[in-house]
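Since the structure comes first, as structure tokens, the remarks are kept for the end.
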Amino acid sequence: MKPTRFIDLVPHIVLIVGVLIFAYPIYVTLIGSTWDSGTIGRGGLPLWPGGQGLDNYAQAWAGEAGARAKYTPVRTMMLNSLIMALAIALGKIAISILSAYAVAFFRFPLRMAFFWLIFITLMLPVEVRIIPTYKVVADLGLINTYAGLAIPLIASATATLLFRQFFLTIPDELLEAAKIDGAGPVRFFIDVVLPLSRTNIAALFVILFIYGWNQYLWPLLVTSSGDMETIVTGITKMIGTGESANDWNLIMATTVLAMLPPVAVVVFMQRWFVKGLVDSEK
Amino acid sequence: MATVEIRDVRKSYGPVDAIKGIDIAIRDGEFLVLLGPSGCGKSTLLRMVAGLEGITGGEIAIGGRVVNTLEPKDRDIAMVFQNYALYPHMTVFDNMAYGLKIRGIPKAEIRARVDKAAEILELGRFLDRRPSQLSGGQRQRVAMGRAIVREPAAFLFDEPLSNLDAKLRTQMRVEIKRLQDRLRITSLYVTHDQVEAMTLADRILVMNHGVAEQIGTPLEVYQRPASLFVAGFIGSPPMNVLDGRIDDRGEAVLVPGGQRLPLPQPRPTDAGRPVKLGIRPEHMAVAAEGFSIEIELVEALGADTVVYGRLPDGETLLVRMAGIPTVRERDRMTVAPQADALHLFDAVSGRRME
């Protein structure tokens, strides 16, 4: 029937338009990374791939210098970002799952007070507490270290809340059955809570890895040497202030490379994610 | 195998007394059913035996050892929960083996014990499955298997059949009975289902408002209910209760309709005393003289028929007759109780008068 078909068509059109709007800049970036800087500099970037791709990527990956300026090689920056993002994601998951376990399963004095304390930090994003945090990190001598990059970003109220909500759905009887089976708090956590949290951990890992990977302000403050540059700050530093022309070909190649790990994480973890959902265990 | 002794056990939540002093000694191998309506404290009592609830007062001893301060795992008990409480991410085998694994029992012995339990419960084919791949009855069996492999001093059942549909419940009831005959492990079984209580129990503890109303064998509880509460709770349809008064010579009970029901034995000391008179519907029969009722409702259950009649003073009187209905709604009929089937209760305290 005609009207139904039209109605079926509308979402597709909207989605296709949306995809085009989102995909076009990425396509331009991809194309830009295959031309030489001169072509891009003249402002006449074609919409088809050029022949400079391999050279651009090789230079961005390992090279210390572009045609006009000196950069940290992408491989160094990617490694730094990878370490930071992994430390933040895994650290956040570890800390928040443990604190959620405490808040959800144990009765101790001031339990709710602690819960609210954690909750309140939600209202204080990194940017708000950035100066005191910087002071602390500097006093501890953690400037230009991986610890300095990752630790201040690890505490996470969001993940704690998420795990707590999930833990509250675990029936009390399960805990009681484990008590009777002789499992103490640590065993119960390792043998029951962790396996049941698999899908939540996978989902959080994806979100937190991308959150860590995309950190900009904090790495900008806490790293000053090129060795510790992360990829997100590195890209912006490659773009000059206008005093000289930019190596747009290298910048675009770097950008494309910077996108790969988050994409890989999403693609790889999605399998776990879906598997967890299909297994349907409550 | 062990005895379980509960001595003047009390439980308070702040100012609220949930359990007001229960005393019972459960013999080795005995199957005790805790029966009562919701909120009567039966589950709380069971959980206190398990160690999942603290004990406010009194003592609980398992196998002669006071366990008041022991952790659940040190009490040598196994529990079957209403919602089974199986570990969803473990296979049936691992679910049953988990408690043994924690206790450091050698792998070969765990294997042997689980296989044996699986054989008893006919779970052999399912050992590699997850709980989510099992039916309700099978999950129930796994939960019992988990208890059996532990070879505990006592089994604790917390309404284990109430999540099953009626047919499966009957089937599992028979299985529990068979299992108990085979294993003879001291068991405490909480239920609000009187049929489960009557069929499974060696003895029943009827609880109401945190108090033991009566402790006795199923037939004792049915034939000689210790209080009006027990009389009303055990038996379906419930016992008829009428206001009455013992006549001046202590030879009969007078009920408001003018009926005079002779007592099997005269009780001259109670002459003139107001009483509550209990008569089970199945102990009423059609008679030439007796209660004249107008039939309001006839429930044909196949094997028997329940007649809801109204007495002249407006009270409802239930009569249970064998076979298919022989009367119709709005008919009148006259019924009388069997002489030896009268239960007398104190009009004030509700306690049975012997």
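Side-chain atoms are counted along with the backbone in the values below, which use heavy atoms only and exclude waters and symmetry mates. A note on names: the letters A, B, ... follow the listed sequences, proteins ahead of strands, and every chain is numbered from 1.
Residues of residues 157-170 of chain B lying under 4.5 angstrom from chain A, judged on non-hydrogen atoms, do not exist. For residues 72-85 of chain B, heavy-atom neighbours of chain A at less than 4.5 Å comprise B:Pro72, B:Lys73, B:Ile77, B:Ala78, B:Met79, B:Phe81, B:Asn83, B:Ala85, sorted by residue number.
Under the 4.0 Å criterion applied to side-chain N and carboxylate O atoms, B:Glu30 and B:Arg203 are assigned as salt-bridge partners. Residues B:Glu122 and B:Arg141 are not paired through a salt bridge, judged by the lack of any N-O separation under 4.0 Å between the basic side chain and the carboxylate.
Between the side chain of B:Thr91 and the main chain of B:Asp94, a donor-acceptor pair closer than 3.5 Å is present. At least one donor-acceptor pair closer than 3.5 Å links the side chain of A:Thr133 to the backbone N or O of A:Arg129.
With A:Phe106 as the aromatic partner, A:Arg111 does not meet the cation-pi criteria of under 6.0 angstrom to the ring centre and within 45 degrees of the ring axis. For the pair B:Arg146 and B:Tyr87, the cation-pi criterion (under 6.0 Å, within 45° of the ring axis) is fulfilled.
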Can you check ring pair (Phe, Tyr, Trp, His ring centres under 6.0 Å) on B:Tyr189 and B:Phe155, steps first, answer last? CA-CA 8 Å; B:Tyr189 185 107; B:Phe155 281 148; over 10 Å; no
Pair B:Met96-B:Leu123, side-chain contact (heavy atoms from CB on, under 4.5 Å): steps then yes or no: CA-CA 11 Å; B:Met96 294 207 256; B:Leu123 283 170; 4.1 Å; yes
Take B:Val9 and B:Met48 through the test side-chain contact (heavy atoms from CB on, under 4.5 Å) and record every step on the way to the result. CA-CA 9 Å; B:Val9 163; B:Met48 286 160 86; 3.3 Å; yes
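Under the 30°/60° scheme for interplanar angles, the aromatic rings of A:Phe105 and A:Tyr101 are found to be tilted.
Contact record, A:Ser99 with A:Ile118: CB-CD1, 4.4 Å, taken as the closest heavy-atom pair.
Residue contact with chain B, scored on non-hydrogen atoms closer than 4.5 Å, is absent for A:Asp172. Only the side chain of B:Leu52 comes within contact range of chain A, judged by heavy atoms closer than 4.5 Å.
Residue with the most contacts toward chain B among A:Ile180, A:Ile170, A:Asp191, A:Asp181: A:Asp181 (heavy-atom pairs, distance under 4.5 Å).
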